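Keep in mind that what you see is a predicted model, and the values were worked out from it rather than measured. Proteins come first, then strands; the chains are lettered A, B, ... in the order of their sequence lines, and each starts at number 1.
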Amino acid sequence: METHKALFQQGQHRLDKLKQLAPRAGDSLLEKMSAKGINRRDFMKWSAVVTSMLALPNPFTSLVAQAAEIADRVPLIWLHLAECTGCTESLLRADTPSIDTLIFDHVSLEYHETLMVASGFQAEENLQNALEKYKGKYLLAVEGGVPTADNGSFLTLGPHGETGLSRVQKAAKDAVAIIAVGTCASFGGIQAAAPNPTGTKGVQEVVKQPVINLGGCPPNERNIVGTLMYYIMFGKLPPLDMFNRPKWAYGSRVHDDCERRGHFDSGEFVEEFGSQEAKDGHCLYKMGCKGPYTYNNCPTERFNGHTSWPVLAGHGCIGCSEPDFWDAMSDFEKPLSRRLLTGLDSTADTIGAVILGAAVVGIGAHAIATFFVKPVDY
Amino acid sequence: MSESPQVLSASQQVKLKGRVTHIPTMREFAFTPLIRIFHWLRFLAIMILLISGFYIAWPFLMDPKSTDVLIQGWMRFSHLIFGFIFSCITISRNYLFLFSKDKSERRSLLDALSIDRWRSQIKAYVFLGKPDEKSGLYGPLQLVTYASFYSCSLIMVLTGLALYSRVYHEGLGQLLYAPASWLTYICGGLANVRNIHHWFTWVFIVFLIVHVYMVIWTGIRFKKAAVDAIISGYDYHTHAHIEPFPVTTSESVNINEPTIPNKSIL
Ligand code: HEM
Ligand code: SF4
């Protein structure tokens, strides 16, 4: 509790300082919310939920609420590299805009290709201005992997045809913190799948500064906003796991919190989609669920306004938020032990059995030969 | 077969023609009780780990009709219990190899450095003569095989413990959390840790049958203790005893000359 007290004071102190900065022109968060029919009570509930998600005790709710309100003081630059824009889309295209979406709207977003009106030279100018004006102050969010082969020439952006590699390195240089949004920015994603001709890598491999990785295809909007809130409150990186993912979001496996887990332990498995077992909600392990190898909070946070998530919808987890998931988690509808080894059209067990067979044949031949050779002389 | 006179050494051939039996003569202490206990405990652990491991990989018993039957839970439980037994054995056995008072295992390292011993052991396996007397417990090829077996055991233990502590976060799991995270990081995710754990399982299956065959074969071909050495702890050397055929020559040979030296255990 002592540490929490200190942390609270640290957060309050930082927020007080941020409050003195000029807000971005426009309505306050509360005004924006009431325009969307969200009242203060909903907002406080949301703050409490985010607080508990961040694994902070209840009193921090007031900090989260303040952080959300002054989110327009922290400049955010968002780059798109080799990606599908799905992360942005999933954040913005909710049919009922949640508070998370609203906050994303409220953040002082200085540059975001999907959202801004400008294009071409104008857009480029905006980026350069933002990088210059907020030097050493802006948060950098990157969506998409970074092609590095041939000096990054597989991805060029903007009117000058700058490579994504050079753009992200330049932007990273003066950022206060870097958030890799989604699996591509974190680990390369599908672009980095073997044989990876474009040499795509995660942002962390091409910049020198530490990067917060928010894996997921897409990552939960809550995880993106929660990371922003954490940064605004404390001005530092949250506790991270071995792949630099915030522990509060990626601290436990999908399998640990899955609602089908009881069926796993008692050995009730789906063996065919559409079967009675599938309808009864049995465990999808034998249908290739990769929940046991995947760190994420999908079962608890869910998607689309907490409506559902893949396993609830009836398909196994494909491990989309893990490094190299396209290779490491394939085949998506078979458990790891039944996966076909790349290019070999056989499982590890087939190969093991063949080696075993060869050993047995060798032993047999050796044993038979023993009968025909001269016994040893003693 | 054994009646053929060529089996006798040159010196014996001149002596007599007769039926050859091999009498154990010299008893030699080979395996300390601790080593023997570890050996059989490890055998048990590996068998159970193989069965429960493959079951975990593809749970084939279906339809328990009641949610009280935690079949997968029990399989995982037994895998973990015997996994811990296996881990303890692997770690203590490595310690014993390095620091046991009995130096005979460590002496095998000397054999492994001798090209002649290598040559003689490989020749023995392809039916060209018998292996040299070795100074340690294991021949060079054996030592290398066992060393690889131990490395594979260590890989199983490390990946197994990593899988364990990435699931159970308290107590031992907490203690192992940081190293397990590191290992998971090195392997590029938990799925790869599990893959490695699965692939190396096959090493144990292949090792098991080759190992059993080699032990029995060595016992038969070189007329010495085979499986019994790892039970009783003693290896023995044999001595060819020639039981003469009814004597056809008039020569009086002392056929009752004792063939069993004093050291005999019989
Ligand atoms: C000779 C030794 C061992 C063998 C042959 C073996 C075999 C296996 C196999 C085949 C699997 C299933 C992998 C898959 O899903 O494809 C497995 C899983 C596992 N093993 Fe082992 N294993 C051994 C030792 C150990 C040890 C020493 C531990 C450490 C305590 C361990 C802990 C585990 C764990 C935690 C799992 C995952 C189970 C789950 O979470 O459902 N194993 N093992
Ligand atoms: S459906 Fe997947 S995540 Fe859920 S219990 Fe089964 S294996 Fe685990």
What part of [X] is in contact with chain B, defined as an atom under 4.5 angstrom from a non-hydrogen atom: side chain, backbone, both or neither?
| X | result |
| --- | --- |
| Y295(A) | side chain |
| F325(A) | neither |
| P323(A) | both |
| A367(A) | both |

Output yes when a side-chain donor or acceptor of K286(A) lies under 3.5 Å from a complementary backbone atom of P59(B), and no otherwise. yes

Compare every heavy atom of [Y] with every heavy atom of [X], then report the nearest pair and how far apart it is.
| X | Y | answer |
| --- | --- | --- |
| A57(B) | S337(A) | O-OG, 2.9 Å |
| A348(A) | W202(B) | O-NE1, 4.1 Å |
| A328(A) | A191(B) | O-CB, 4.1 Å |
| P292(A) | L190(B) | O-CD2, 3.6 Å |
| I209(B) | A359(A) | CD1-CB, 4.5 Å |
| Q72(B) | F264(A) | CB-O, 3.0 Å |

With chain A as the partner chain, list the residues of residues 73-82 of chain B whose heavy atoms fall under 4.5 Å from it, by residue number, and write 'none' if nothing qualifies.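 Result: G73(B), R76(B).
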
Can you tell if the side chain of [X] reaches within under 4.5 Å of the side chain of [Y], non-hydrogen atoms only?
| X | Y | result |
| --- | --- | --- |
| F54(B) | D349(A) | yes |
| R253(A) | V167(B) | yes |
| W182(B) | M242(A) | no |

Taking atom CD of E170(B) as the centre, report whether more than 12 heavy atoms of other residues, nucleotides or ligands fall under 6.0 Å from it. no

Pair count under 4.5 Å, heavy atoms only, with chain A: among L163(B), N195(B), I205(B), V193(B), highest is N195(B)

At a heavy-atom distance under 4.5 Å, which candidate from H255(A), E322(A), M329(A), E271(A) has the highest pair count against chain B? E271(A)

For each of D265(A), I355(A), T294(A), tally heavy-atom pairs with chain B at distances under 4.5 Å, and name the one with the top tally. D265(A)

First locate atom [atom1] of [X], then atom [atom2] of [Y], and finally report the distance between them rounded to the nearest 0.5 Å.
| X | Y | atom1 | atom2 | result |
| --- | --- | --- | --- | --- |
| M214(B) | H366(A) | CE | NE2 | 6.0 Å |
| F269(A) | W58(B) | CZ | CH2 | 9.5 Å |
| H197(B) | L336(A) | NE2 | CG | 12.5 Å |

Given a strict heavy-atom distance threshold of 4.5 Å, which part of Y213(B) is in contact with chain A: side chain, backbone, both, or neither? side chain

